[in-house]
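Below is one structure, written out as structure tokens; the observations come after it.
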Amino acid sequence: MSEVQIKVPDIGDFKDVAVIELLVKPGDAVQEEQSLVTVESDKASMEIPCSQAGIVRQVLVQLGDRVSEGSPLVVLETQSDGAAAPSPEAPAALASGQATQTAPISTPSPAPVAASAPVAPALDAGEDAYDVLVLGGGPGGYSAAFRAADLGLRVVLVERYATLGGVCLNVGCIPSKALLHVTAVMDEARHLAAAGIAFGEPEVQLDGLRAHKQKVVDKLTGGLGAMAKMRKVTLVRGYGSFVDAHHVRVEETTGTGQDKTGATHVLAFRTCIIAAGSQAVHLPFLPDDPRIVDSTGALSLREVPRRMLILGGGIIGLEMGTVYSTLGARLDVVEMLDGLMQGADRDLVKVWQKMNAPRFDRIMLKTRTVAARATDAGIEVTFEGQDAPEPQTYDLVLQAVGRTPNGNKIGADRAGVQVGERGFIPVDQQLRTNMSHIFAIGDIVGQPMLAHKAVHEGHVAAEVIAGELQGKRELATRVMDARVIPSVAYTDPEVAWVGLTEEQARAQGIAITKGLFPWTASGRAIANGRDEGFTKLLFDAETHRIVGGGIVGTHAGDMIGEIALAIEMGADAVDIGATVHPHPTLGESIGMAAEVAEGSCTDLPPTRRR
């Protein structure tokens with residue numbers, strides 16, 4: 001017999017957190033991994049487990065005490081010498097414990113993605129393997145890993161970055177929204193002069209702005225790390241690539257970037273979820289120059305250029321253009337197609353373009369960039385096409401011409417996984433590849449390349465795997481059956497749409513009834529001084545069910561979810577219009593647009609009787 005102190009392990013950025021619940025008392029017998037106390041921070045609550053089995057002889061904390069890593073919790077009497085259990089962070093050893101052994105069940109099989117699915121070779125007898133290996137820790141990847149762990153599976157997550165969250169949280173969605181919020185407030189402060197409140201011109205301190213952006217990122221990614229520990233998800237950092245159908249080799253990375261250390265680990269798995277994402281497209285004729293950046297480089301805010309060129313008229317480029325314009329840059333944008341922000345109806349984009357015209361010196365449509373060279377004065381760019389000017393020189397050039405999937409960068413062929421010519425991995429409705437035990441989610445399986453789509457796909461894949469390994473038919477038969485996936489441009493004003501657009505309805509020969517509510521009749525929009533927008537709903541003329549909708553205006557992205565829900569639920573104009581929305585809000589414009597479609601709106605002039 002011996003006595004040991006059980007202390008708080010590494011729990012991420014949980015520091016000086018309060019003990020809110022004591023789960024054991026002196027004399028209790030506890031098992032390894034049994035929870036001892038519950039602690040709570042401003043982010044979340046978590047239970048602290050015991051690292052070994054024994055008898056509690058003394059509880060060293062009380063309710064309300066604050067603890068951090070290393071704080072003693074209990075004195076435990078053990079049968080052994082108190083040696084700690086293997087660390088769940090030791091990837092090379094594959095922490096002890098057997099994979100879930102419940103017999104799999106047979107499930108209805110959606111249409112195969114290949115003519116005949118290869119049969120994966122079995123794991124070696126007695127080989128210690130994770131139930132699930134998730135390759136990639138972006139929103140789809142960590143969501144899949146966390147869901148699988150919540151369902152009782154033993155999970156390892158491989159991620160090249162130092163923190164979870166992938167491109168989205170580290171160098172994409174989240175840092176860009178932090179900057180867009182700051183610049184939106186700057187623009188709003190200028191507009192207040194018309195309301196009798198005048199501020200001086202803002203003094204931009206880039207160091208402080210960069211620090212603010214990083215603080216936002218760190219808060220989110222730190223919380224993910226803590227939640228991974230709560231769920232006992234093993235994290236392995238590095239580049240992962242398949243060795244065969246049941247093993248992944250990880251080249252270890254270090255530091256804040258992706259520098260390789262030279263060390264490698266081989267991880268064995270029963271099932272795998274590929275969530276390796278995508279990367280920005282780089283045009284081959286552009287010179288290697290720090291004044292030419294992709295979205296990641298633009299987010300670093302090295303300086304505010306005098307003149308900036310955006311290559312590509314999509315959402316990413318226009319969002320970053322909004323930031324740099326408010327900070328003082330003059331913008332040009334070049335787009336090969338006949339309009340900016342492709343995918344949205346032109347009436348939505350027209351409102352955005354009219355309000356943002358002062359930001360741009362040139363909007364070049366049906367125009368290509370054909371050459372660029374670095375000079376002392378800047379990047380000289382040559383154009384060709386409908387709106388092509390003479391060669392122009394820019395202080396900063398942003399490449400925002402799209403993203404390409406990473407399907408050809410993970411050795412998928414060595415696992416027998418089929419990859420398309422463009423790098424996408426074909427999957428069925430359960431996100432299963434042509435290899436029955438390997439799934440794929442997110443950007444790597446196709447458009448739209450959106451984090452919210454990847455999260456839902458990750459949940460489905462994790463649930464299917466858990467159902468098959470544990471013999472639970474309800475989980476094993478899950479499919480990704482979302483009717484619609486909303487899109488949002490977080491520009492100013494925001495543009496959001498979901499379901500069918502008017503252009504798509506016309507192309508498909510679908511007769512629609514439209515309800516459009518202008519924000520010039522919205523009390524809240526007028527009070528906000530932002531009544532340039534509108535809300536539009538589209539209904540099938542035959543069934544009367546909603547099939548699509550769009551919003552342009554402030555907070556459009558926050559409201560589009562209601563329209564997506566209405567489409568998922570098969571609502572009609574009466575359902576939406578009869579739903580009582582709070583007044584005065586921007587959201588009530590959705591109900592009013594439905595009333596317009598029904599001819600019952602009393603907030604607009606009466607429609608002509610036919």
Side-chain angles (χ1 to χ4, degrees), residues 8-14 32-35 46-52 69 84-101 123 126-166 221-243 246-254 258 261 263-276 410 437-439 441 458-459 461-462 465-466 469-470:
V8 177
D10 177 7
I11 51 175
D13 62 349
F14 279 65
E32 184 179 351
E33 297 299 327
Q34 182 176 332
S35 297
M46 68 180 298
E47 295 180 357
I48 306 296
C50 192
S51 59
Q52 58 195 104
E69 180 181 354
S87 167
E89 297 298 326
L94 285 173
S96 64
Q98 294 301 312
T100 310
Q101 294 299 322
L123 287 160
E127 184 173 11
D128 190 17
Y130 287 96
D131 290 339
V132 186
L133 182 148
V134 180
L135 185 55
Y142 75 71
S143 297
F146 290 0
R147 183 67 181 126
D150 289 347
L151 290 168
L153 302 183
R154 184 164 168 251
V155 182
V156 60
L157 175 58
V158 178
E159 168 56 45
R160 57 183 173 166
Y161 285 105
T163 54
L164 295 180
T221 56
L224 289 176
M227 287 195 289
K229 292 179 183 294
M230 295 178 201
R231 290 175 162 90
K232 300 179 179 62
V233 172
T234 300
L235 302 180
V236 179
R237 184 177 174 193
Y239 286 94
S241 61
F242 287 98
V243 176
H246 281 287
H247 298 85
V248 161
R249 177 181 290 107
V250 182
E251 297 178 88
E252 186 180 279
T253 54
T254 188
Q258 301 171 47
T261 67
T264 63
H265 311 290
V266 175
L267 306 175
F269 61 84
R270 298 178 69 190
T271 65
C272 177
I273 300 174
I274 300 171
I410 56 174
H437 69 298
I438 299 179
F439 297 69
I441 62 172
H459 289 169
I465 289 170
L469 294 182
Q470 298 169 346

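Source: prediction; values computed, not measured.
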>> Quick check: closest heavy atoms across G165 and P139, and the distance to 0.1 Å?
In response: O-CD, 3.5 Å
> Roughly how far apart are Y239 OH and E252 CD, rounded to 0.5 Å?
Replying inline: 13.0 Å
> More than 12 heavy atoms of other residues, nucleotides or ligands under 6.0 Å from CZ of R231: is that the case?
Replying inline: yes
> Can you tell me how far the CG atom of L469 sits from the CG atom of L153, to the nearest 0.5 Å?
Replying inline: 6.0 Å
> Taking T253 for the side chain and R160 for the main chain, is one N or O donor matched with an acceptor at less than 3.5 Å?
Replying inline: yes
> Tell me, do L224 and T163 make a side-chain contact under 4.5 Å, heavy atoms counted?
Replying inline: no
> Tell me, do L133 and L135 make a side-chain contact under 4.5 Å, heavy atoms counted?
Replying inline: yes
> Which pair of heavy atoms, one from G136 and one from L157, lies closest together, and at what distance?
Replying inline: O-CD1, 3.4 Å
> Distance from H247 atom NE2 to H265 atom NE2, nearest 0.5 Å?
Replying inline: 15.0 Å
> Do the side chains of H437 and R270 get nearer than 4.5 Å, heavy atoms only?
Replying inline: no
> Where is the tightest heavy-atom contact between E159 and G137, given as atom of each residue plus distance?
Replying inline: OE1-N, 2.6 Å
> Once you round to the nearest 0.5 Å, how far does CG of L151 lie from CD of Q470?
Replying inline: 6.5 Å
> Can you tell me how far the CD atom of Q52 sits from the CD atom of E33, to the nearest 0.5 Å?
Replying inline: 11.0 Å
> H459: what forms a side chain to side chain donor-acceptor pair (under 3.5 Å) with it, not counting sequence neighbours?
Replying inline: none
> Can you check side-chain contact (heavy atoms from CB on, under 4.5 Å) on V233 and V134, steps first, answer last?
Replying inline: CA-CA 10 Å; V233 172; V134 180; over 6 Å; no
> Looking only at heavy atoms, what is the nearest atom pair of D131 and T271, with distance?
Replying inline: O-OG1, 2.7 Å
>> Do R154 and T234 have side chains that approach each other closer than 4.5 Å (heavy atoms only, starting at C-beta)?
In response: no
>> For A462 versus A148, what's the shortest heavy-atom pair and its separation?
In response: CB-N, 3.7 Å
>> Quick check: do F242 and I410 have side-chain heavy atoms less than 4.5 Å from each other?
In response: yes
> What are the two closest heavy atoms between G140 and I441, and how far apart are they?
Replying inline: O-CD1, 3.3 Å
>> Applying side-chain contact (heavy atoms from CB on, under 4.5 Å) to F269 and V248, what does each step give before you reach the verdict?
In response: CA-CA 8 Å; F269 61 84; V248 161; 3.8 Å; yes
>> With rounding to the nearest 0.5 angstrom, report the NE2 to CD1 distance, H246 to I438.
In response: 7.5 Å
